[in-house]
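For reference, the structure is listed below as structure tokens.
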Amino acid sequence: MKQIQTIAIVGAGAMGRGIAQIAAQAGKQVLLYDLNADSVKAALTDVHAVWNRLQEKGRMTAEKVQSATACLQTATDLQALARADLVVEAIVERLDVKQGLLQQLEDIVSADCVLASNTSSLSITAIAQACRHPERVAGYHFFNPVALMKVVEVIDGLRTSPEVGDALMQVSREMGHTPVRAKDMPGFIVNHAGRGMNIEGLKIAQECVAPFYQIDAIMREQAGFRMGPFELLDLTALDVSHPVMESIYRQFYDEPRFRPSPITAVRHAGKLFGRKNGEGFYKYEDGKKQLPQEPAPPALSSFAPVWVSPYHEQGQARAQQLLTELGMTMVQGDQPPADALILLTPYGEDVATLVSLHGLDPARTVALDTLFGLEQGRRRVLMCSAATTLEWRDQAWAMLASDGTAVSVIEDSAGFVAQRLVATIVNIASDIAQQQIATPSDIDAAVRLGLGYPHNGPLSMGDAVGARDLLDVLNTLQAVTGDMRYRASPWLQRRVQLGMSLTALAQCKAQ
């Protein structure tokens, strides 16, 4: 395996300077080049300032700062990169420009120098095909800010030599990052897996199931995510994320799972990009997100008896346990009495479907999401249909909030909010595994470190929440909506059928 000691970086923007920083800190000899000499100077000043702050905080010694500073040098032209073992380009996302740069570098660097692209959206195979030796070209995708985002995707193009990818994996570890290996497919791992959160969140909002801030709150406080889809879109900025959504959809030939939303198209046109310019799905004052006041639950002193539907055994048991803890009166029987609140616990269905299927009184019927737990302090989600009256909605709302737990009241939606989002996230990750774009462990590591998802990553999350339950949610969503975006990945379906973990590799492989 080639040992990489001297790393040249072309492009002194935020990504290039971040790679330069971690490489120099690791003791690599670093050459930083940009066509704009002022950008190189600014990058050098910025990196030195970072190291000084780290020293002040006791996170780098004076000796370490001195050593890193000595390792980071600048180059005034491409010819100065001739001694590099690895050149990483971090320039504009244009195929022709990247191809032209690599063609120039082939005439400068040694025969065994690795050429790597930090592209987030272009095909490595397409970039490499312009080179005389495409076997030494690979993808090397870092995330911003590089020093904090400890994952890097190593992407093998169709002609990339395995030894090139191996060398990039090794030097990544030496620089303190966790490398994950991916095939050359649109979105690689992280941007591919991230479609589930953003695309399905936008679909839920487009259906007016709940406002943006409630969808985010549900994903944080019910499903356990650090951020909801709209907080994440505001953070990444819509001028970046909207074109990526459109690009990945087209690159997968209009795959329904990745269908973008007109919500982002309109907001992108209106320059509502997010935190970077002060307004996106939220407004920001002095960098702080402004939230609307959450409506208070109704103040009721007495409650009607509750009939919990027997149509879903697990959901019924969880709801009955909660109602017992809340001190509510429950009634039994195959059919609800005329004076009872009708409480459904569906996995994938909406209220209207179950009302119609079972002949229930629509005015008194509501649904509770039981998939993620109902303990005190975990946000509860109450779903009403278009026919649910305010009187019965308020009964259910006040009852579920009676122990001080936050309750989100949403419109009718097959799969509530979190069921839809988590099932979609797990399903897309399962299909990445099915296509062998990456191993299950690399998928989990990439998404955990790149997107901060809970449960060690999406496949592990599927096992923790319940793969069989999530498969039921997807199958029911597809049946209720008729939308192919919810069709289950063979990886998910077969592992449920076989009683296997979603992270498990097949023991028998085609030869």
_From N427 atom CG to L502 atom CG, the distance as rounded to the nearest 0.5 Å_ = 10.0 Å

_Side chains of Y282 and R275 in contact at under 4.5 Å (non-hydrogen atoms)_ = no

_Closest contact, heavy atoms only, G201 versus L421_ = N-CD2, 3.4 Å

*Should D369 and R380 count as side-chain neighbours, where that means a heavy-atom distance under 4.5 Å?*
no

*Looking at Y284, does the NZ or CZ of K289 lie under 6.0 angstrom from its six-membered ring centre and within 45 degrees of the ring axis?*
no

*Measure across S39 and R17 and return the closest heavy-atom pair with its distance rounded to 0.1 Å.*
O-NH2, 4.4 Å

_Candidates V308, L360, V306, L354 - the one meeting side-chain contact (heavy atoms from CB on, under 4.5 Å) with I342_ = L360

*Just checking, any donor-acceptor pair under 3.5 angstrom between side chains of R495 and S501?*
no

*Test item: Q395 side-chain N/O and A304 main-chain N/O as donor-acceptor pair under 3.5 Å*: yes

*Do Q25 and W51 get their side chains close enough for a donor-acceptor pair, meaning under 3.5 Å?*
yes

_Heavy-atom closest contact (G315 atom, T370 atom, distance)_ = CA-OG1, 3.3 Å

*Please step through side chain to side chain contact (heavy atoms under 4.5 Å, CB included) for the pair F273 and L233, ending with a clear verdict.*
CA-CA 8 Å; F273 296 150; L233 285 167; over 6 Å; no

_The single option from T439, D442, D156 passing side chain to side chain donor-acceptor pair (under 3.5 Å) against R181_ = D156

*Y486 side, atom OH; T476 side, atom OG1 - distance, nearest 0.5 Å*: 12.5 Å

*How many angstroms lie between CD1 in I425 and CZ in R420, if you round to the nearest 0.5 Å?*
12.5 Å

*What about the rings of F230 and F281, do their centers lie closer together than 6.0 Å?*
yes

*Would you please say whether a donor-acceptor pair under 3.5 Å links the side chains of S309 and Q316?*
no

*For the atom pair CD (E231) and CE (M197), what is the distance rounded to the nearest 0.5 Å?*
9.0 Å

*asked:* When you compare the side chain of R448 with that of M461, does any pair of heavy atoms fall below 4.5 Å?
replied: no

*Relative to the ring of H358, is the ring of Y311 parallel (under 30°), tilted (30 to 60°) or perpendicular (over 60°)?*
parallel

*Once you round to the nearest 0.5 Å, how far does CD of Q21 lie from CD1 of I19?*
11.0 Å

*Is it the case that Q251 and S247 place a side-chain donor and acceptor less than 3.5 Å from each other?*
yes

*asked:* Distance alone, cut at 3.5 Å: any donor-acceptor contact between the side chains of S385 and D412?
replied: no

*To the nearest 0.5 Å, what is the distance between CZ (R318) and CD (E375)?*
10.0 Å

*Take the angle between the ring planes of Y453 and F225 and call it parallel below 30°, perpendicular above 60°, tilted in between.*
perpendicular

*Does a side chain donor of either Q314 or D469 reach within less than 3.5 Å of an acceptor in the other side chain?*
yes

